[in-house]
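The structure appears right after this line, and notes come after that.
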Amino acid sequence: MRVKICGITKPEQGVAIADLGATALGFICVPTSPRYVTDLQIQQVVQAIEGMPVDRIGVFAHTTIELICQTVKVGGLTGVQLHGGESLEFCDRLRQGLPEAVEILKAIRVKTTTDLDQAKDYLPVVDTLLLDAYHPGLLGGTGHTLDWNLLQQFNPSCPWLLAGGLTPENIQEAIAQVKPPGIDLSSGVERSPGDKDLARVAELFSNLKRSGSYLSHCA
Ligand SMILES: O=C(O)c1ccccc1NCC(=O)[C@H](O)[C@H](O)COP(=O)(O)O
């Protein structure tokens, strides 16, 4: 199973979290976020995890293709997560501007099943979908879960991650109910925004290992 831990700000925490088993680290490139990091800060974490088998995903919203491409280059990112109201046309233009190997993830903030229908419109222009909770005042890192019942029929033809309010405590229930191919956590494994709680990250992986689905996906 793909496990992305988002909101990394410190090189030593990036190394420890990759070591614990994360398959992707996320960096918040949205200046209004308390987890915001610059391209140079990302570069420092990426240098620290060099050689470790972990994806490096930059999270963007309401920005330009030029800035995203620049951050990918300077930060050494392997993927870009679009977390605002990016149009299909924006995603398509971004695809043209990025090296082919760079993964594009589109985050969808889910309120109703209509959002899930619209998520599928992105399939031709992105690689991966990420389903997050809707919050009227925050784009992400809200700590709120979305209504997992809405996802019973969600089975897109691309990889996807479940996000929104996941914690070491609720992860087994989320996996049993939703059966996502991947998960994304941020505030549920933090001491404060941008400061990850390594004991909670370790607890997450130990709970995941107890879950049969995690082991079978990792085998
Ligand atoms: O985390 C942020 O501060 C953030 C700010 C602006 C846009 C996106 C943001 N986070 C995106 C993520 O991928 C989070 O991991 C996702 O929203 C889940 O967060 P949480 O509910 O805290 O687990």
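All values reported here derive from a predicted model rather than from experimental measurement. Each residue takes its place number in the sequence, starting with 1.
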Do [X] and [Y] share a hydrophobic cluster (ILVMFWY, side-chain heavy atoms under 4.5 Å, transitive)?
X	Y	value
Leu105	Leu162	no
Leu82	Tyr134	no
Leu67	Val46	yes
Leu129	Leu94	yes
Ile104	Val125	yes

Which heavy-atom pair separates [X] from [Y] by the least distance, and what is that distance?
X	Y	answer
Ala61	Val30	N-CG2, 3.8 Å
Pro180	Ala174	CD-O, 4.2 Å
Arg200	Pro168	NH2-CD, 3.1 Å
Pro156	Leu123	CB-CD2, 4.4 Å
Cys29	Thr71	SG-CG2, 4.1 Å
Met1	Gly182	CG-CA, 4.1 Å

Between [Y] and [X], is there a side-chain heavy-atom distance shorter than 4.5 Å?
X	Y	answer
Leu130	Lys106	no
Val110	Leu116	yes
Cys6	Val59	yes
Arg93	Glu89	yes
Val201	Gln13	no

Side chain to side chain contact (heavy atoms under 4.5 Å, CB included) between Tyr122 and Ile108, worked out: CA-CA 10 Å; Tyr122 284 90; Ile108 307 290; 4.1 Å; yes
Donor-acceptor contact present, side-chain Glu190 to main-chain Gly194, <3.5 Å: yes
Donor-acceptor contact below 3.5 Å, side chain Glu173 vs main chain Ile171: no
Is it true that [Y] and [X] share a donor-acceptor pair across their side chains at a distance under 3.5 Å?
X	Y	result
Lys4	Gln81	yes
Ser186	Lys196	yes
Glu169	Asn207	no
Thr78	Glu103	no
Thr167	Asn170	yes

Rounded to the nearest 0.5 Å, what's the gap from [atom1] on [X] to [atom2] on [Y]? Could you check?
X	Y	atom1	atom2	result
Asn155	Lys179	CG	NZ	12.0 Å
Phe27	Tyr36	CZ	OH	13.5 Å
Ser211	Ile175	OG	CD1	4.5 Å
Ile183	Leu131	CD1	CG	13.5 Å
Ile68	Asp39	CD1	CG	13.0 Å
Leu146	Thr142	CG	OG1	9.0 Å

Sidechain N-carboxylate O distance under 4.0 Å for [X], [Y]:
X	Y	value
Lys120	Asp115	no
Arg95	Glu100	no
Arg2	Asp184	no

Evaluation steps, side chain to side chain donor-acceptor pair (under 3.5 Å), between His83 and Asp132: CA-CA 9 Å; His83 220 95; Asp132 201 355; 3.0 Å; yes
Test log, rule side chain to side chain contact (heavy atoms under 4.5 Å, CB included), inputs Val80 and Val72: CA-CA 8 Å; Val80 166; Val72 166; 3.5 Å; yes
Neighbour count >12 (heavy atoms, 6.0 Å) for atom CD, Gln152: yes
Glu12, CD atom: more than 12 neighbouring heavy atoms under 6.0 Å: yes
Result of checking Leu204, Val3, Ile8 against Ile17 for side-chain contact (heavy atoms from CB on, under 4.5 Å): Ile8
side-chain contact (heavy atoms from CB on, under 4.5 Å) partner of Val178, chosen from Leu151, Asn149, Leu150: Leu151
Trace of the side chain to side chain contact (heavy atoms under 4.5 Å, CB included) decision for Val126 with Cys158: CA-CA 9 Å; Val126 305; Cys158 73; 5.6 Å; no
Partners passing ring pair (Phe, Tyr, Trp, His ring centres under 6.0 Å) against Trp148 (at least two apart in sequence or in another chain): none
Criterion side chain to side chain contact (heavy atoms under 4.5 Å, CB included) on Ile49 and Arg56, from CA distance to verdict: CA-CA 10 Å; Ile49 57 170; Arg56 310 174 295 268; 3.8 Å; yes
Criterion side chain to side chain donor-acceptor pair (under 3.5 Å) on Thr9 and Gln41, from CA distance to verdict: CA-CA 7 Å; Thr9 62; Gln41 283 174 288; over 6 Å; no
